[in-house]
Structures are given as structure tokens and as C-alpha cells.
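Below: the structure, in C-alpha cells.
In what follows, every chain begins at residue 1, and chains take the letters A, B, ... in the order their sequences are listed.
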Amino acid sequence: MANPPHDTMPPTLSSQYDPHAIEQMLFDSWMAGHYFEQDAAESKATGQASYVVSIPPPNVTGSLHMGHALNNTIQDALIRYHRMAGRPTRWVLGTDHAGIATQNKVEQKLAKEGKTRFDVGRDRFIELCWEWRDEYGSTIVEQLKRMGCSCDYTHEWFTMDEHYQKAVRTTFVEWFERGLIYRGNRIINWCPRCTTALSDIEVEHEDADGSLWHIRYELDEPTTLPDGTTMTHAVVATTRPETMLGDVAIAVHPSDKRYKGLVGTTATLPLVGRKLTIVADEYVDPEFGTGMVKITPAHDANDFEIGERHQLEQVKVLTDTGTIVDEEPYAAYAGLDRYEARKAIVRDLEAGGYLVEIEEHAHAVGHCYRCHTIIEPYLSEQWFVDMKPLAAPAIEAVRDGRVKIHPQRWEQVYFHWMENIRDWCISRQLWWGHRIPVFYCDACDEMMASMTDITVCPKCDGPVRQDEDVLDTWFSSQLWPFATLGWPDDTPELDYFYPTSTLSTARDILFLWVARMIMSSMDLLDGKIPFSDVIIHPTVFNKEGKRMSKSLGTGVDPLDLMADYGADAMRFGLMLQVTGVQDLKFDDEKLLSSRNFANKIWNASRFVLMNIEDGASALPDSAHPTSLANLSIADRWILSRLANLTETVTRGLEAFQFGEVARALYEFFWSEFCDWYIEFAKGRLQGDDSADRAQVQQTLVFVLDNALRLLHPFMPFLTDEIWKTLPREAHDEALAQSIMVAPWPNAAEFTHLIDPDAEHAIERIKAVVTAARAVRARYGLSPRTELTAMVNASKTDAELLGKNTALITSLGRLESLAAYEGLEKPAQASVTVAAGLEIYIPLDALVDFDAERTKLEKERTKTATDLERYERKLANEGFLAKAAPEIIEKDRAIAAELTEVLTRIDEQLTELG
RNA sequence: GCGCGAUUAGCUCAGUUGGUAGAGCACUUGCUCGACACGCAAGGGGUCACAAGUUCAAGUCUUGUAUCGCGCACCA
């Protein structure tokens, strides 16, 4: 029986690839198989090094966006690769309590009932936050499952878990006791909508068109200046006229000769009547404006510092919600919002003749990164971390390569920030979060940080109260990689899985999160780094290159994409676009190609399966060819390409070059395996030579098997579904359970498959086939038209072609093939010169001399241009003297070949007349 | 102001120690032949932003210019 029956196709692979028919079932089978879980103690006993990824914990308020889709595909690809490569892996999963974001959501919910958090009270409000988390917190985890992410779902963390709270509190108390955490009354960034302090890096600056109001402040005593003129008033400029209510001084530069006599005198603040001292301070730029600056210590960070230097009063004129305080002598503005107050004050200044000029002025305005409200520099008592001592070792760890950041250019961004690091404001005036474990005794003024809640002052037995504030969410996030492994306790997980391996994240949290993890880990865990590699992945923008935004409707929902294309196609499409340099302008088109690719893999697999039905090739995993001697040239070629692919993919994953890996997989599977090898295989599968048929079947299965493994980290569902249908011998049944536990193809074990001779040979075979197809296309000949190919080739090439006549005639749809050295051009034939061959396709009366001439002339031009370049190069003495010998040799060979090609083309042209 | 990145085919982008410019989509032409029309085959299309420099040799290295994008820091 020469042909296997075609109606016994395995029922498991339907004729059309439908991702939705397989994804959920496969995921359930992975969970049931516990493939995502690795026990720390058992793994340690194997003596193997672990591979661990801590997921950047998504906010409980969040849902999956394109950045998550990209980042989690990267992490899953790495985890799956290392798992197959035999390392005990864990992908640590969890979510972040997201203080401000969650509090805002719950407040919005309350607002719909007409309530504020103050109506329900602190305890109830926190309960509501937990309820929110219980309701929505699992959304994103379910979405990760949908993507096929192989996280350890049996150990899911939350940054407000009891154990996590212990880690946070331990950190606070330790740093407090070492004096790294301190309290201070300073200007911080205040969000008047969230009514909380923010750290410097939680403020987003945006350029805005504003105005510069020039205001006239009357001097109390007219003063004669060094230039002889008499000055009666000062003119100061401000972008924030409403803060003038809090002015306490005017500053000039100490070396500004113009105003020498002025320092020490006073002026009167319009509308308020306060006496302003004129002080000299280096901060003032004499070149800017009039060289005179109004000083508002309570509402501007620079003014605050000037105020400190000159012991100036701090007059707060704004409340925590950004309205004017109800105090004399400006009670007229009391309760006005800062922008209403601005209008009113400008109006009153103008009416009083104090407004000199309004100038247009562009400047950067800070916004809250959570609600986008304009930030107010605000004087208040807050907790800070002294960062310099923490930063120093963390700088060193990146400097000496213990922690590597990819792409490497981000390291200098890291250094720049770390070397100029400022103290971190960690207190937040919120309710949802880790409450600051500091207790105050009102009786004796004692202040203490404590691991346990205390109610009685240990010093004086007086009543104590806990600090009302909570910690910055990032204070807890910074502990993520080690707190999620059990720190501060000594656990087997911390022992075996820490430090973790790779952290993949978006660039906008390099400072907020990544740098702080390095700092806290090194400080709290005896200098241990939290991870050895940091991947800063591209930012996903929309098609127009704009930031994706849910509120603007410019976002793309990964769930929609998976519904349209399948999870594998979305993953592969994203990986295709990861280059390490460019950000990613997301376009569905790439997913369409990837969906088509998935379908291609599916159908090529169907082809293989339906052609091994005669049972000759149930292939054990160990069956990879050890001897190439008996293999056909096509088999040797595809195995050589597979060996090459294995090397490329493995190296690429190790170097985080995901785009390169994806392209290599695509190219190999589609252009080499499907377009050529499977086509070569077809004739052999239908031939009478049963030994050859067995050989091609084995090779098909072997290559498909390994290609699926290499594809698996990017396309987990599809590859596993196909994997399960591959024939196996009985002892390989464990392997058949899932491709997830199949060993990663070992490039070192494939080196013997690399076969330059076979690659050379296939190049010649392809040239003949392509020439025949091209003639057919050029002449518009139907596939049924019978053609013959006659090839003038070197002796070895001619022999090679002769041996593979069947392959060539089959793919080129040729009647026959003749190849020998010195073959003369038949009359009325089309000519192709390629791969060192002269290929003639006799056309009899069909031949179109003009068309042939046009084609040959075009080839001649190209060849002549190329040859000229090489000849020039080879005539250059400098080149001959300095270029590497192998380059010269190679170029000589190319030049010789081009010369020959040109000669042949010219001969053909002469003949055509 | 300081720093980073980009500029390659109509579009979106690859191009890893400097050595004959690539892919996907789009376009043209022809194909129901038993894996796949989510396909097959054959084609067309590029002074690698510009200018100097280094080099035997530059898309690739250096410097400068232009345009776009992004950080950081901001003088009221």
C-alpha cells in the first residue's frame, strides 16, 4: 500500500484552527497537572539552580491592558523556556492594594450614594475596600489565565495580607530605629483632590500655557538706589497670584548692585497689608524679570528653603482641599477654590492699581499621577526616608553588573536618578493602606515605632494614639520579591527561590519600584540583590503612536484581541514587535499575520499527522538522527536548519531578544519547513520506496516535534494541543501529557546536524525549481503545460541534481530534467543563471524572444553593477593589504562567479540576437 | 537647560562584533493539484534623513545639522 488512507485523519485536529476550541481545556489540564508549581525544598534537593520571576503586581483596581499583555507574555515565555530547560521555576503571582487608586474607587462608589468616607468612618471604609478587593481583585488574575500565563496560582499574594503587613512593619520599625525614617515639616507635593501627600516621583509634569503676573509692592520708605534714582515700589512676578496672600518677604540677589540699598528695608503687601522684609539670597536670578522675587514659604518649595535660611514666617493660606483659609485680613476670599481665588485676587489687584502687566508664560505644571489634579506644594508634617545611604550599595550593584538592566542604556537613567536621589515622602493621608506603626504619648511626648500595637505608653503609662497616616503603596511594593517568598521569616522559599532571576517591567516604574526594590533588598537582606536581570520592555502605544488611554477611548483591550485572534496569536504578534529599542505602535495587522501563522502551524501539523498513519513512525523522543549517512539531502537540509534554529532561539531567549526569536521561528516554520521541506516530502510520501517513506516520516515528525517545543514559550496553547496528537511509543507517555514538561531542544546536541553540503545542495535544487516556476509565470503557462529543464552544471552539481530528479520535477512540475557538465543551450529556450547553474527551459514556439531579452538585460545590468563593485574592491591595494584574508577570498569567489554569470548572460544575449 | 531614542520599500518595522539591503502588510500577475485561500507561486518597489570624518570598506563607528518622540530638572 503506497499511500496512507486520507480519511483516517486524527479527530483531534479539526481542519480549521480554532483557538477558542482548545484554550480553556488546555489551561484546565495544565492546572490539573500542577505544572506551574514547584516545591522549594524538593527542588533544592535536586541541586538545580532555580529560575524565578516575580510578577509586577497588578493593581486590584486594574484590568488587563496592552502593557500587561506584552509584559506577561515576556515573563511567561521566559518561565516556560526555563521550565523546559529543566530548571525548577516559580512565577510568583499577586496583586497590589494600590492605596490611592482603590480608595478613589471606593469613594466614587460612596459618592453615588451621596456619601463621603467620613460619613462611614475609617473602620467601615477599610471594610469596604476589602470588599472591593474581594469583588474585583481576581479579575486580572483570570485574565492572566486566559493568556495562558503559567504563574504559580497556588501561592497568590496580596500586599495587604497579614504576612505582608508583617514585612512592611518590620521594615518600617527597623528603618525608624536606625534613623533612616524621620518626621519633618516640609513642603511636599499635595493632591487637593486625594487630600494626601505624594512623593516627588508621583507627580507628572506637563507643559502648560500660563501667565506671569507682574505686581507692584509699595516700599515703605522710598529708597535711593546706587544709580541715583529713587525707588518707590518693587515689581515682582508670579505664576500663582493667589499665593501672594502668604508672602512674607521679597528677595534679591546679594550681588545685585541695583538693589543694594534695599536689603533690610520693608514693603507692604497689597490687599493684605503685611510688612515684607527685603532679603538677599543667592537663589534669586538677577537676570530673570526684575530680579526681585516674592517669597511665599508655605506654598513654594524654593521659597520654603529661602524662608528657612532667613527665619521667615510660614503663612499658610490654602486648606488641604485647595481653598483659601478663613482668616483675617483676607477672609473675603475664604472658601474660594485656588483658581477662583486667583481670579478674584487678580481683579482686586487690578482695581487697586497694583497689576503692572500680564505676560504669557509657558511652564511645567505638576499633576497627581492618580487623578491628574494639579498638585499643590504644601507645607505639612510628613514621614520621610533618608535615601542616600540606601542608594549607595544599589548603585554599586548595577555598576558592577550584579544587576543588569536591559536594554543597557536604562542603566544610566538609573544612575542619574540614584545619584541625585532625594528623601522619600512615605506618609499618605489615606485610610486604605499600611498604617504607620508609630505611636504617640500625649502625656510625655514619647514617640515610638512598634511591631505590635500599643495602647499604654511604656514610659509614663499614659494613653497613646497611633499615627493616622498610612504608607505610600510603593513602600510596600518595594518589598515584593522577598516578602512574597516569606521574608522576614526564614522560609524554604526564600532560601531556594531568592534572589529571583528576571524582572520584566515598564519603564515608568524604574524609579517608583525597581530602584526601590534593589535598595530595600540590599539593605534588609544583607546585601542580597532582588533579581539579576531587569527587562525594561517597550511601551505599547496605539497605531498613531499615542499613549493608550481607557478614558480617551484610544486603548485596545487584550481580551478583545484574544477573542478575535486567539491568545497564541496575540502573544506571538506582540513578541514579533519587541526589539529592545523601539516602542511599539500597536496595529492589529501583526496579529493577523500571527493568527495566519498559527493556522499554518496547525495545518502543517495536520499534514504530518495524516501522513504517518501507516504506523511506521511512532517516534520515540530519543529518535533524533545520529547518523546522517543514510538520509536524503532534503532531510539533511531541514535538520541542519533545525539545528540552526535551535541555536538562534535558545541564544535569543537567553539574551531577551524576543523579536529576533519570533522572526526566526516564523521564518523557519513557514518558509523552510512548510514551503520547501513539506513540499519535498509530498512526492516521497506517495512513492513506492517504503524505506524512504519511513525516513521522510521520521524526519517530518522529528522536526515538527522540535519546532513545537521551540515555539511553545510563545504559543503555549496551540503547541500543546498538537503535541498531544503526535505519535509516541509507550514509554514516552509521560512526555505526551504536555509539551510543558518536554525537554528543551539542546543546541549542543544538534551540532552534528549542521550540514553545509546539504544547504549548498538544496540551494541548487531550489534554483532549478524556481527557474521553472518563474518561466511558467512569465509566459502565463498553465500548470498542465509540460516543460523540461536542461541544466549546464559542474560535475558535482550535475550529479547532485540527477540524484534528486524526482524532487525537482515534482516541485517544478517538470516533465523531465537533464543535467550535465557542458550541456549546450537548446534552441528556443528560456535561460536562467542562478546558484552556479545555467538552467534552460525549452519553449519551442512559445518562446518570446523580446521577453527573454528584457529579462536577461535586466539581469545583466544588475550583475554588471555588482561585478564592477567587486572588481573595484579587488583592484584596491589597500583592500588587499588590510582586509581579512577570508574576506578577500570570499570576494574573489563572488567576483569570479559574477564574471561567469555575466559571460553566460552575454552569450545568451548574443544568441538571442 | 541636561540626557535618551528614532529617521531603512507606499505603511509598520527588522538588520547583534563594519564585508552583495530584509520581513509582514499593501500592490501586480497567475493558481480549487488531497495540510492550509488565515493558502500557493512568480514579480514590482529602497542614494538606508542630511553633511562631514574614521576605514581598504559605513545602514552599521565618530562629530555636526534637521525633524519627531520620550525622560529628568526647572527662574518667580
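Counting only distance, with no hydrogens or angles, the side chain of A:Q577 and the backbone of A:L584 share no donor-acceptor pair below 3.5 Å.
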List every contact pair, protein side and nucleotides 44-46 of chain B side both N or O, where the distance is under 3.5 Å.
{"residue": "B:rG44", "atom": "OP1", "partner": "A:K858", "partner atom": "NZ", "Å": "2.6"}

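At a threshold of 4.0 angstrom between heavy atoms, the contacts of A:E667 with the nucleic acid are absent. Nucleic acid contact for A:K543: none, since no nucleic acid atom lies under 4.0 Å from a heavy atom of the residue. Note on A:Q657: a base of the nucleic acid sits closer than 4.0 angstrom, heavy atoms only. Residue contacts shown for A:D207 include a base, since a base heavy atom lies under 4.0 Å away. At a threshold of 4.0 angstrom between heavy atoms, the contacts of A:D587 with the nucleic acid are absent. No engagement by A:L576 is indicated, since no non-hydrogen atom pair under 4.0 Å with the nucleic acid exists. A:T296 comes within contact range of no nucleotide atom at all, as no heavy-atom separation falls under 4.0 Å. The residue A:F597 sits apart from the nucleic acid: no heavy atom pair falls under 4.0 Å. Here A:V775 lies out of heavy-atom contact (under 4.0 Å) with every strand.
Between A:Y870 atom OH and B:rA57 atom C1' the separation is 11 Å, expressed in whole Å.
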>> Wobble G-U and Watson-Crick pairs count when both distances are under 3.5 Å; given that, what is the 5' to 3' dot-bracket string of RNA chain B, with | for pairing to other strands?
In response: (((((((..((((.....[..)))).(((((.......))))).....(((((..]....))))))))))))....

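Position along RNA chain B of the nearest nucleotide to A:F288 versus A:G780 favours A:G780 as the more 5'-ward residue.
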